[in-house]
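Along the sequence shown, the residues carry numbers beginning at 1.
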Amino acid sequence: MRIGYARVSTRHQADTEALDQQINRLEKAGAEKILYDIESGRKDTRKNFNQLINLAKNGVATEIIVTRLDRLGRNVISIHRTIETLQKVGVKLTILDSPLGNTNSAFGWLTINNIAGLAEFESRLLSERVSFGTEYFRSNLKYFGKPPFGYTKDENSKCTPHPTNWAIAKEIIHRLYENSFTSLSRWLVEKHSIKMYPTSILKWLHNPALRGHTFYKLKTGETEKHYGTHEALITQQQYEELSKLTSFLHKKDPAKFKTHFLAGLFRCGICGAGMSKTGGGSKESNNSLRFQCIKYKKFGKSVCNNSKQISASIVKKITIGELIKFAESILDAVNSSTIAKQIETSEELLALKHQLATLQTLPKNNLINSTIAETEYQIKIHEQHKSVRESKSEEDIYIIEALNQADFFEELSDSELRAICLRFIESVKYNGGKELVFAFHSRLLLP
């Protein structure tokens, strides 16, 4: 197989035509399959590059096509290692912009060294330019990246108050003394149409830029700190007060944040978001634990109209009732042999056995013997699959029979109930009120 490989270093390059141009040229060159990476060529941990080498080693790739040699890497040693690997396994390397010919010859070796050396030189030159640029930013106290909410950048790339968001940011700080992160998220959406998650508000609060400071993370892992570089949104005293007030809000209580038995299955029937636990989370207040649409809980009616809550005890009671009904319907089907007959018979398997019996009566020759062997192999595969399906079905029936027992659910823990729900239930939706819509897996008990 002829496989093409393309690479760009950044997501920005991928969003432009740089990557598309490479892929288009590789397709025109006859590549049957194309792999690409969006990573620096100096990294040997590129996922699809390593997949490409494995395909070559396993004999899948017969030829590898790249537009330029530096697409394979930006390191002389790495490029040589790649070419040697391809030569050992007999895979042809085609470079569209630099046909190398015989890479084993002295001239081929010199050409590869020159091109690879130039590629590494360009990479090192770029790294130096970035390093100089970073140093220039730090020495002039410029702000890296997008400034925090409430700020914008001036012509010198320094933080300065945003003309409209500054007042909103001030109000967020004021409201943090009396409101939770969740209520602030909802207020921002409803009042200003600004979507900011509770965790984002927490991270924003701890950004040193809000206190008028500019911090830089160095390659050594240390932090270079510059104080009072721009106008502060909050004072150090306010920051310390709010840090104490909000410190307990994001510490997870293991009892409160324990995974519930419908986790991953329970969703809002209006917007499709997950149903989140709310209310009492401790064992003592288990009866007050309720579920609510997580989008409404965070952002209010501007995102989802399902404001209703439903008690966790009611959800559990309804779920158990639905599981019992499901068990009864399955057992009725089994008892009437509707499903049992599906398990016991297989038209395809019977047809193969009939074909084998017919072949065995014919005069033997190489073609007949080969066909008999192939048919016997297909029968063996079908019987193995049938055995697995029957085993799975028997296991399902055993559990379903247990669900029908009156006292089965009494001693069942939430984790055990969750395992049963994951096995049989596909989804549970809540549209409001006290009704739930259940969907069960259609694969159950079918061959």
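Heavy-atom contacts from other residues, nucleotides or ligands closer than 6.0 Å to CD of Glu241 number more than 12. Within 6.0 Å of the NE2 atom in His226, the count of heavy atoms belonging to other residues, nucleotides or ligands exceeds 12. With a 6.0 Å radius and a threshold of 12 heavy atoms from other residues, nucleotides or ligands, Lys308 has its NZ atom at or below the threshold. Counting heavy atoms of neighbouring residues, nucleotides and ligands inside a 6.0 Å radius, atom NZ of Lys317 does not exceed 12 of them.
The backbone N or O of Arg290 sits nowhere less than 3.5 Å from a side-chain atom of Lys277 that would complete a donor-acceptor pair. One N or O on the side chain of His213 and one on the backbone of Gly228 form a donor-acceptor pair closer than 3.5 Å. The closest donor-acceptor contact from the side chain of Tyr151 to the backbone of Leu233 lies under 3.5 Å. A donor-acceptor pair is defined here as one N or O able to donate and one able to accept, closer than 3.5 Å; such a pair exists between the side chain of His162 and the backbone of Thr164. In terms of modelled atom types and a separation under 3.5 Å, the side chain of Ser185 and the main chain of Met196 share a donor-acceptor contact. Panel note: side chain His192, backbone Ile168; no donor-acceptor pair is recorded below 3.5 Å. Checked by atom type and distance alone, the side chain of Gln21 never pairs as donor or acceptor with a backbone atom of Ala18 at under 3.5 Å.
Between Glu39 and Arg46, none of the side-chain N atoms (NZ, or NE/NH1/NH2) sits under 4.0 Å from a carboxylate O, so this pair counts as no salt bridge. Using a 4.0 Å cut-off between charged side-chain N and carboxylate O, Lys43 and Asp37 make no salt bridge. A salt bridge links Asp97 with Arg25: the distance from a Lys NZ or Arg NE/NH1/NH2 to an Asp or Glu carboxylate oxygen falls below 4.0 Å.
Smallest separation of non-hydrogen atoms from Phe149 and Trp204: O-NE1, 2.9 Å. Nearest heavy-atom pair, Ile294 versus Ala273, reported as atom, atom and distance to 0.1 Å: CG2-CB, 3.9 Å.
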Checking Thr160 against Asp154 for the side chain to side chain donor-acceptor pair (under 3.5 Å) test, could you report, in this order, the C-alpha distance in whole Å, the side-chain angles of both residues, the deciding distance, and whether it holds? CA-CA 6 Å; Thr160 186; Asp154 61 15; 5.4 Å; no
Give the C-alpha distance, both sets of side-chain angles, the deciding distance and a yes or no for ring-ring contact (aromatic ring centres under 6.0 Å, His included) between Phe440 and Phe326. CA-CA 8 Å; Phe440 288 88; Phe326 171 75; 4.3 Å; yes
Does the pair Ser180 and Ser183 meet the rule for a side chain to side chain donor-acceptor pair (under 3.5 Å), with working shown? CA-CA 5 Å; Ser180 66; Ser183 62; 3.2 Å; yes
For a side chain to side chain donor-acceptor pair (under 3.5 Å) check, start with the C-alpha distance between Thr319 and Glu322, then their side-chain angles and the critical distance, and finish with the verdict. CA-CA 5 Å; Thr319 302; Glu322 290 293 325; over 6 Å; no
Is there a side chain to side chain contact (heavy atoms under 4.5 Å, CB included) between Leu323 and Leu417 once you walk through the steps? CA-CA 10 Å; Leu323 283 169; Leu417 179 59; 4.2 Å; yes
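The six-membered or imidazole ring of Tyr5 lies away from that of Tyr36, with a centre-to-centre distance of 6.0 Å or more. Between Phe291 and Tyr430, the gap from one ring centroid to the other reaches at least 6.0 Å.
Annotation: the span from Leu176 atom CG to Leu202 atom CG amounts to 9.5 Å, rounded to 0.5 Å. Atom-to-atom distance recorded for Gln236:CD and Ile234:CD1 is 8.0 Å, nearest 0.5 angstrom. Interatomic distance, CG of Leu69 versus CD1 of Ile79, reported as 4.5 Å (0.5 Å rounding).
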